[in-house]
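Written below as structure tokens is the structure these notes are about.
Below, chain A is the first sequence line, B the second, and so on; all start at residue 1. In this text, all values refer to a predicted model and were calculated from it rather than measured experimentally.
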Number of protein chains: 2
Amino acid sequence: MADNREKDTLELCDVPVIHEDVLARVKAKMPDEDPVYEVAELFKVFGDSTRARIICALNIEEMCVCDLSALLNMTQSAISHQLRLLKVSRIVKSRKQGRVVYYSLDDSHIGQIFAMAFDHVMEEQEG
Amino acid sequence: MADNREKDTLELCDVPVIHEDVLARVKAKMPDEDPVYEVAELFKVFGDSTRARIICALNIEEMCVCDLSALLNMTQSAISHQLRLLKVSRIVKSRKQGRVVYYSLDDSHIGQIFAMAFDHVMEEQEG
DNA sequence: TGAAAGCATGAACAAGTGCTCATATATTCA
DNA sequence: TGAATATATGAGCACTTGTTCATGCTTTCA
């Protein structure tokens, strides 16, 4: 990140393009950058087994932290940390009643996306 | 995975359970462990922006490695490494023609799952 | 009011990940 | 056959991530 001398032609990545027509078409049809990054961020949150199990549980019904801990056989702290991430990502929402906090899925899309992913891995099994 | 002596009461995680009825219901309805882990693995692969962009591109049409490199402005090596992972995960397939290798999506589910995720992040935007 | 219950959070550390660099392999063509 | 092209891959490194541990906050109840 310091020495840029002798690099008048500073293409970061000067790979040759073989199919200019293909490139042009794909460039035209590619979705905008930002949504793609957001989709990747969403999948990144889904892509941890603890969080995936939490989502599967909350897709069945609302649960409090300690019940989730018992269900998944993990410490309250670990679950709580993950729930925080899921909440920041707007995947779950919470309501507090006394000293108990109940979590549930924030959006019906979430369950649908998981359902499709399940279908996919099930078919992979057979075929 | 070796030493289990002196662990007669081996609750790994003895959190109290508040709602036994909820726990019983969710336990009964929870999907099997293995598919959940596989779904998480699938999402993990989706959850990187480079791979997400590759998938978006290949969802439009088949492409070779160097065109992908040019499109995404990344080195051929970086793209090739990611394509390897995508192929092992059965998300893309490849066909070789001369010294050019063309990649495409291996399954129509993939595009559908991405489409749903896009819908989700778009609605998040609006509120 | 003080103790207990339920949950949240900061620090720290091991494990995992994505890129770069160098190099290997495979194919084409002169 | 030898050079050039297209792609693959192993090693290394900076960076990220998920858990644990200790502790703090909030609410309830005796």
- Note on the structure: Sorted by position of nearest nucleotide on DNA chain D, 5' first, the leading residue of Asp67(B) and Arg51(A) is Asp67(B)
- Centroid-centroid distance, Phe46(B) to Phe46(A), less than 6.0 Å: no
- Task: Using only side-chain N and O atoms of Lys96(B), determine if any of them is under 4.0 Å from OP1 or OP2 of dT27(C).
- Result: yes
- Message: Does Arg25(A) have more than 12 heavy atoms from other residues, nucleotides or ligands lying within 6.0 Å of its CZ?
- Response: yes
- Query: Counting any heavy atom closer than 4.0 Å, what does Leu83(B) reach on the DNA or RNA strands: base, sugar-phosphate only, or nothing?
  - Reply: nothing
- Using the closest heavy atom to pick a nucleotide of DNA chain D for each, name whichever of Gly98(A) or Glu41(A) lands nearer the 5' end. Glu41(A)
- Should Arg95(A) and Glu62(A) be marked as a salt bridge (charged side-chain N to carboxylate O under 4.0 Å, His left out) after you check the CA-CA gap, both sets of side-chain angles, and the distance that decides it? CA-CA 10 Å; Arg95(A) 75 182 172 86; Glu62(A) 173 188 78; 2.8 Å; yes
- Query: Out of dC19(C), dT17(C), dA6(D), which has the shortest distance to the side chain of Met74(B)?
  - Reply: dC19(C)
- Query: Given that Ser80(A) and Ser49(B) both sit by DNA chain C, which one's nearest nucleotide is further toward the 5' end?
  - Reply: Ser80(A)
- May I ask you to verify whether the side chain of His81(A) and the base of dT20(D) hold a donor-acceptor pair under 3.5 Å? yes
- Query: Using the ring of each side chain (for Trp, its six-membered ring), is His109(A) parallel, tilted or perpendicular to His120(B), with breaks at 30° and 60°?
  - Reply: perpendicular
- Atom NZ of Lys87(A) to atom P of dA8(C): distance rounded to whole Å? 8 Å
- Message: Using every non-hydrogen atom in the two residues, find where Leu71(B) and Ala57(B) come nearest and quote the distance to one decimal.
- Response: CD2-CB, 3.7 Å
- Query: Could you state the OH-C1' distance from Tyr102(B) to dT27(C), rounded to the nearest angstrom?
  - Reply: 13 Å
- Item | Nearest-angstrom distance from the residue atom CZ of Phe43(B) to P of dT17(C) | 17 Å
- Message: Just the rounded figure in Å: distance from P of dG18(C) to NZ of Lys44(B).
- Response: 10 Å
- Identify the heavy atoms of Leu72(B) and Arg53(B) that sit nearest to each other, and give their distance. O-NH2, 3.2 Å
- Query: So which nucleotide from dC19(C), dT28(C), dT19(D) ends up closest to the side chain of Thr50(A)?
  - Reply: dT19(D)
- Message: Checking contacts here: which listed nucleotide (dA8(C), dG6(C), dT19(D)) is nearest the side-chain heavy atoms of Gln82(A)?
- Response: dT19(D)
- Rounded to whole angstrom units, what separation is found between the CE atom of Met63(A) and the C1' atom of dC7(C)? 15 Å
- Nearest-neighbour nucleotide for the Leu85(B) side chain, dC7(C), dC19(C), dG18(C) considered: dG18(C)
- Between atom NE2 in His19(A) and atom C1' in dA6(D), what is the gap in whole Å? 11 Å
- Task: Please tell me which of the listed nucleotides, dC19(C), dC7(C), dT9(D), lies nearest to the side chain of Ser77(B)?
- Result: dT9(D)
- Whole angstrom value for the distance that separates P of dG16(C) from CG of Asp48(B): 18 Å
- Item | Side chain of Thr75(A) - closest among dT20(D), dT7(D), dG18(C) | dT20(D)
- Under 3.5 Å donor-acceptor pair, Gln76(B) side-chain atoms to dA6(D) base atoms: no
- Task: Using atom CZ of Arg99(B) as one end and atom P of dT27(C) as the other, report the distance to the nearest whole Å.
- Result: 11 Å
- Message: Using a 4.0 Å heavy-atom cut-off, does Tyr103(A) contact any base of the nucleic acid, only the sugar-phosphate backbone, or nothing at all?
- Response: sugar-phosphate
